Amino acid sequence: MSLTQHPKAYASAALVAAAFAAGVLATLGFKDLYPDLERRYQRKTSAGGRSVRRQSSFFWGSPLTLEDHESDDGEPLTVAAAAPPVADGIEACIGNTPLVEIRSLSEVTGRTILAKAEFLNGAGNSPKDRVALGIIRQAEADGLLTPHRGDTIYEGTVGSTGISLATLARARGYRAHICMPDDQSLEKSDLLLHLGAAVERVPVAPITSPDHFVNLARRRAAQHAQSAADGSRGFFANQFESPANWRAHLHTTGPEILSQTDGALDAFVAGAGTGGTISGLARYLKLEAKLARIRVVLADPQGSGLYNKVKHGVMYSSTEREGTRRRQQVDSIVEGVGINRVTNNFEAGRDLIDDAVKVSDDQACRMARWLVERDGIFVGSSSSVNCVAAVVTAMSLPAGSRVVTVLCDSGTRHLSKFWKRIKELGLEDDETTDLFLELGIPKAGDESRK
């Protein structure tokens, strides 16, 4: 007897077939919907009890789906099915930098030490990309800069901010004029020239002098209208005092670190030049994210007065008063961090800084070489200072704690000065085996500290 002679059986088979077809269609539909659901889920990833939107980026975002294909010659290829979208200009390459574990430092300390790889920002390759973009955008909103009118951005800088400003100035239709002290590495001023900026290398002078590089940049901006007959303006970026500096880190770097760590971090360590990074992060992590137990620690090179300001409430010690230093700004080979005055940017977060670590030139040099030998990380002097202070801070915390610091820029900008000193010290000849002995710091941490 055929199936058609049994209506109930026929109906059941039809229902099964219909259900199967519906399931196939639903599966295909969900497959197309899944990436959107995944993105929505990641935006709501909880970090430290707060709802955090995770921004997509080239380095970290939605997991990539790999698919196998064949090339023209029959060889299998693996391609990313969810590659990042096309970036809209160089500005889209700023931010969302990776948070990298420095394995060797984690292993020797027994604490997890993570570093925000800010040298991978895509414009000027430093955290100053965030600051420069924030300052320019604010100036445009205030009507102080107009693209393609011939406006010039003036700034006094030891290098990194100038490089970021020069790059973004070109991208947004401006010129750049950079004033910098003549004791900075030649790589920085050479790079600025290649970026099309006008560069003035000036003798080192105290901030009270009208010839200090910052004061000179301010004066050049004021003189711009007198010397330019095209109706263009001169804009003084004023990175040391502009609130756009610390706000750039409050709005971008802080949320990124919170998301990348899921709020599980015990300390943040950074140096201060303008003070924008440490203040912006301190305000975000403590006031916005409300991580009550987190410690914010200043990493300060020798000769800088900020260590004493944090530890003792005063700027100078007897060895750091005027006239006793080789340089008026900071008696250190370290560039980019360390200063002997309190800027508005540093003041914005000073009361939120819990501690400070003084780092010598010798310690910075030895840490830089250690990172190359053990981790393949080639960075400049300020990054090395941060890592030394991160180790010291880690050893003051219980085992298993997590410390986050910043890798500011590549060592390629420090070849003629910082890395030359490392070579002169003979540190490239012998491989180090004991980090604590190398840095001259104790191994034992205070395990009872909570």
Side-chain angles (χ1 to χ4, degrees), residues 88-92 94 121-126 128-245 247-248 273-274 276 329 343-345 413:
D88 184 15
I90 195 66
E91 299 164 21
I94 298 174
N121 278 301
N125 311 124
S126 81
K128 297 302 184 180
D129 279 1
R130 302 174 188 265
V131 174
L133 184 58
I135 289 174
I136 291 174
R137 284 178 171 169
Q138 186 62 56
E140 290 173 341
D142 293 342
L144 301 176
L145 284 173
T146 300
H148 308 294
R149 185 177 61 183
D151 292 357
T152 299
I153 300 171
Y154 293 83
E155 182 59 301
T157 169
V158 297
S160 292
T161 303
I163 292 167
S164 296
L165 283 171
T167 305
L168 291 170
R170 288 295 181 180
R172 296 179 76 89
Y174 307 110
R175 301 187 183 105
H177 186 115
I178 305 302
C179 301
M180 64 188 304
D182 60 6
D183 62 348
Q184 299 301 292
S185 61
L186 291 173
E187 291 92 335
K188 294 179 180 180
S189 56
D190 287 347
L191 178 55
L192 284 165
L193 290 170
H194 288 303
L195 289 170
V199 180
E200 286 188 74
R201 289 179 67 98
V202 300
V204 175
I207 188 63
T208 53
S209 168
D211 295 324
H212 184 274
F213 63 98
V214 172
N215 297 330
L216 179 61
R218 181 186 290 106
R219 189 163 68 250
R220 292 284 187 259
Q223 295 169 343
H224 178 95
Q226 301 172 6
S227 59
D230 56 1
S232 62
R233 290 185 178 182
F235 169 71
F236 177 49
N238 200 16
Q239 60 161 330
F240 287 89
E241 312 301 335
S242 171
N245 185 337
R247 286 173 182 161
T274 63
Q329 184 192 15
T343 65
N344 286 340
N345 276 285
R413 292 184 184 173

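Because the structure is predicted, anything quoted here is derived from the model rather than measured. Along the sequence shown, residues are numbered consecutively beginning with 1.
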* Asked: With no hydrogens and no angle check, do the side chains of Q239 and T161 hold a donor and an acceptor under 3.5 Å apart?
  -> yes

* Asked: How long is the gap from CG on L192 to CG on L165, to the nearest 0.5 Å?
  -> 9.5 Å

* Asked: Of the non-hydrogen atoms in A139 and F235, which two are nearest, and what is the gap between them?
  -> CB-CZ, 3.5 Å

* To do: Check side chain to side chain contact (heavy atoms under 4.5 Å, CB included) between D230 and all other residues, then give those that pass, not counting sequence neighbours.
  => R175, A228, S232

* Quick one: CZ on R220 to OG1 on T152, what's the gap to the nearest 0.5 Å? -> 13.0 Å

* To do: Run the numbers on R137 and R172 for side chain to side chain contact (heavy atoms under 4.5 Å, CB included), then give the verdict.
  => CA-CA 10 Å; R137 284 178 171 169; R172 296 179 76 89; 3.9 Å; yes

* Kindly determine whether V202 and D211 satisfy side chain to side chain contact (heavy atoms under 4.5 Å, CB included), including the steps that lead there. => CA-CA 8 Å; V202 300; D211 295 324; over 6 Å; no

* How many angstroms lie between CG in L186 and CG in L193, if you round to the nearest 0.5 Å? -> 10.5 Å

* Taking all non-hydrogen atoms of both residues, which atom of A166 and which atom of A197 are closest, and how far apart? -> CB-CB, 4.0 Å

* Just how far is it from atom CD of E155 to atom CD1 of I135, taken to the nearest 0.5 Å? -> 6.5 Å

* Asked: Looking only at atom types and distance, does a side-chain atom of R233 sit under 3.5 Å from a main-chain N or O of I153, one as donor and one as acceptor?
  -> no

* N345 side chain to F240 backbone, donor-acceptor under 3.5 Å -> yes

* Got a second to check how far M180's CE is from S160's OG, nearest 0.5 Å? -> 9.0 Å

* To do: Check the side chains of D129 and S164 for a donor-acceptor pair under 3.5 angstrom, ignoring hydrogens and angles.
  => yes

* To do: May I ask you to decide if I94's main-chain N or O and R130's side chain share a donor-acceptor pair within less than 3.5 Å?
  => no

* Asked: Which atoms form the tightest heavy-atom contact between P181 and V204, and what is the distance?
  -> CB-CG2, 4.1 Å

* Asked: Is the closest basic N to carboxylate O distance between R413 and D190 below 4.0 Å?
  -> no

* Asked: Restricting to pairs with a member in residues 162-208, which pass ring pair (Phe, Tyr, Trp, His ring centres under 6.0 Å), not counting sequence neighbours?
  -> Y154-H177

* Non-neighbouring partners of N215 that pass side chain to side chain contact (heavy atoms under 4.5 Å, CB included), sequence neighbours left out -> I207, H212, R218

* Any donor-acceptor pair under 3.5 Å from N245 side chain to V131 backbone -> no

* Asked: Just wondering, are more than 12 heavy atoms of other shown residues or ligands nearer than 6.0 Å to CG in D142?
  -> yes

* **Donor-acceptor pair, side chain of E140 and main chain of L145, under 3.5 angstrom** => no

* To do: Could you grab the distance from atom CG of L168 to atom CD1 of I163, nearest 0.5 Å is fine?
  => 12.0 Å

* To do: For residues R219 and P210, determine if any side-chain heavy atom of one lies less than 4.5 Å from a side-chain heavy atom of the other.
  => yes

* Donor-acceptor pair, N121 side chain versus S126 backbone, under 3.5 Å? -> yes

* I178 vs T157, side chain to side chain contact (heavy atoms under 4.5 Å, CB included): CA-CA, chis, key distance, verdict -> CA-CA 7 Å; I178 305 302; T157 169; 3.3 Å; yes

* For the residue pair F236 and V214, establish whether any side-chain heavy-atom pair is separated by less than 4.5 Å. => yes

